Structure formats: C-alpha cells, structure tokens
Student: 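If you scroll down you'll find the structure; I have some questions about it.
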Amino acid sequence: MPRVRVGSCGGVRSPSFPRVARPVMYHHWSDVTFLHWRYPKDVVQELVPRSLTVETFDGTAWVGLTPFVMEGVRLPGLPVLPWLSGFPETNVRTYVRDDHGRGGVWFLSLDAGRLAPALGGRAGFRLPYFWSAMSVDVRGSRVRYACRRHFARARCVAEVETGPPADVAEPAHFLTARYRLFTVVAGRVARARVEHPPWPFREVELVRLEQDLLQAAGLPAPHGPPLVHASTGVPVRVGMWTWW
C-alpha cells in the first residue's frame, strides 16, 4: 500500500459551526481518521434519495471512510455508562444538499462495535448501522483500526502514523466541516443539526489500508490512494430530527 502524507498546508479557516440549543444526544468523537476518494457524481447519486443532490468539489463527488472512537455517548440528563457509552465506529459517507440548499452528510453505512448502539441507531435515527467486531489500538503516534462486520464479509483494516498539529487546505473543510445529518423517516428526508468545534487536525501518514466497506455500500472499488486527514477529536451535540 503506498504511503500518503498530508502535512501542514496553507491555513484555511474552518467554517463557523451552528449551535444546537436542545441536543438529544451527546458524543465525543476521538482518534478520527478521514480517508476520502473521488467518485463520479452520477455513481454516488444513485445511492442517495432523489430529493438530495450529491455535492461536488473540483468537479467530482467524494466518498469518505471514517474510523474513530465514539466516547461519552449519553442522552440529556443521563450519566455516561462505561459498558455502553464507548465503542469504535466506522462510517462510509458522502456529502449532499437538500432542496433548500442546506449541506450535510449522507451515510452509506455505519459500523459500530457494540450491538445496542447499532440497534439504537437503526431504530431511533433510521441510520444504516451494522454490528461489527471492531478495535482501535493507539500506541503512541500509531493508530490501528480494525472492523469486521458480523454476518457479512465486509471489513476494514487501516493503520496511520500521526504527527504534530497541522493546518489544512481545501478540500479538508468541505469534507469535514459538516453540521447536518440526513436520513429518511417515514418515507421523507429528515435532517438533524450537529454541533462541534472546528477539528484540531494533525499531520498523518497512511501506512496500511485494506477495505471493502465501500464496495459493500454499493460503490465500485476506489481508484488510487485516498486523501487523508486525522484529528484527535471533538465533543458533539446532536439535535432532533426535523422535516423542515
């Protein structure tokens, strides 16, 4: 696997983020790696609802593979439960706009390392969660992610070497400064706001990658090495689904 380095680039300020006044869920996303590939827009458009339009940057759509650790998951007024509130997660996602021009994330799949959150994500948020055997092993600056979906052949193993804090250039913010989630509830596109501060990026080198989660989501195998970004993580507040 060729090594891909994203180092310090000309500083591009992250867009301002919205506030979620009444969150229905609290998270902390930690040890995050973003792996992105270009895809033809029409290929990705086939995988999202017709009422959403795939966004492009430099003339192409982008699909992300994002492994990380979900920590501190809790509902408002409830404590963090150590056996339930932390687990690895890996998302396959793309970027869309609704019919009002509002941008956000469309998930093609989400793998969770615990069964209860996977079931809750499907039932409560109508998101395409899968239960998987997962691990995130952090040893100094080296992070290794592993995901193997139960009852299916889909899997991912990724290993990165992280470095000091880094500024990033576009399309980093196009791909990561996303403050709205989309799903389909009762046959209609619903949207939820997500609040988190700007990502604290770090230099990163991709050391190893083996995956077929993108193919399991209905995409052709990606061509070439991905664009890679990494972050120590951010606290997150998720708002209620709405239809407007």
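Owing to the predicted nature of the structure, the values given are computational and were not obtained by experimental measurement.
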Student: Scan the side chains in residues 156-166 for donor-acceptor partners under 3.5 Å anywhere in the protein, sequence neighbours excluded, and list what turns up.
Tutor:
| from | atom 1 | to | atom 2 | distance (Å) |
| --- | --- | --- | --- | --- |
| Glu159 | OE2 | Arg142 | NH1 | 2.9 |
| Glu161 | OE1 | Arg142 | NE | 2.4 |
| Glu161 | OE1 | Arg142 | NH2 | 3.1 |
| Glu161 | OE2 | Ser141 | OG | 2.2 |
| Thr162 | OG1 | Ser141 | O | 3.0 |

Student: Yes or no on side chain to side chain contact (heavy atoms under 4.5 Å, CB included) for Met25 and Leu75, after CA distance, side-chain angles and deciding distance?
Tutor: CA-CA 5 Å; Met25 187 78 70; Leu75 299 174; 3.7 Å; yes
Student: Taking the six-membered ring where the residue is Trp, are the ring centres of Trp199 and Phe34 under 6.0 Å apart?
Tutor: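 Yes: the rings meet the under 6.0 Å criterion.
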Student: Tell me if a side-chain donor or acceptor on Gln45 pairs with a main-chain N or O of Leu52 at a distance below 3.5 Å.
Tutor: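 Yes, the answer is positive, given that a donor and an acceptor are paired below the 3.5 Å cut-off.
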Student: Look only at the side chain of Ser231 and the backbone of Gly233, and say whether a donor-acceptor pair between them is shorter than 3.5 Å.
Tutor: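 Judged by distance alone, yes, a pair lies under 3.5 Å.
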Student: Got a sec, which residues hit side chain to side chain contact (heavy atoms under 4.5 Å, CB included) with Ala216, two or more places apart in sequence or on another chain?
Tutor: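 With sequence neighbours excluded, Ala216 shows a side chain to side chain contact (heavy atoms under 4.5 Å, CB included) to Arg149, Ala154, given in chain and number order.
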Student: So which of Arg50, Arg191, Arg188 actually passes salt bridge (charged side-chain N to carboxylate O under 4.0 Å, His left out) with Asp98?
Tutor: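 Checked Arg50, Arg191, Arg188 against Asp98; only one passes salt bridge (charged side-chain N to carboxylate O under 4.0 Å, His left out): Arg191.
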Student: Test Glu55 against every option in Arg180, Lys41, Arg178 by the salt bridge (charged side-chain N to carboxylate O under 4.0 Å, His left out) rule and name the one that passes.
Tutor: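 Going through Arg180, Lys41, Arg178 one by one, the salt bridge (charged side-chain N to carboxylate O under 4.0 Å, His left out) with Glu55 is satisfied by Arg178 alone.
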Student: Using 4.0 Å as the upper bound for N to carboxylate O, is an ion pair formed by Glu210 and Arg208?
Tutor: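 Yes.
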Student: When the aromatic ring centroids of Phe130 and His150 are compared, is their separation below 6.0 Å?
Tutor: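 That pair fails the under 6.0 Å test.
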Student: Listed by chain and number, what are the side chain to side chain contact (heavy atoms under 4.5 Å, CB included) partners of Pro222, not counting sequence neighbours?
Tutor: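 Here the qualifying residues are Trp37, Tyr39, Gln211, Leu214, Gln215.
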Student: Assert yes or no for the condition that the ring centre distance of Trp241 to Phe125 is strictly below 6.0 Å.
Tutor: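 Close enough - the centres of the two rings lie under 6.0 Å apart.
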Student: Side chain to side chain contact (heavy atoms under 4.5 Å, CB included) between Leu227 and Leu35: does it pass, once the steps are laid out?
Tutor: CA-CA 6 Å; Leu227 181 63; Leu35 308 168; over 6 Å; no
Student: Does any N or O in the side chain of Tyr95 come within less than 3.5 Å of the main-chain N or O of Leu175, such that one atom is a donor and the other an acceptor?
Tutor: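 Yes; at least one donor-acceptor contact below 3.5 Å.
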Student: Looking at Phe87, does the NZ or CZ of Arg114 lie under 6.0 angstrom from its six-membered ring centre and within 45 degrees of the ring axis?
Tutor: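 Here Arg114 fails the 6.0 Å and 45° test against Phe87.
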Student: Does the side chain of Ser135 come under 3.5 Å of the side chain of Tyr145 through a donor N or O and an acceptor N or O?
Tutor: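 Result is no, nothing qualifies.
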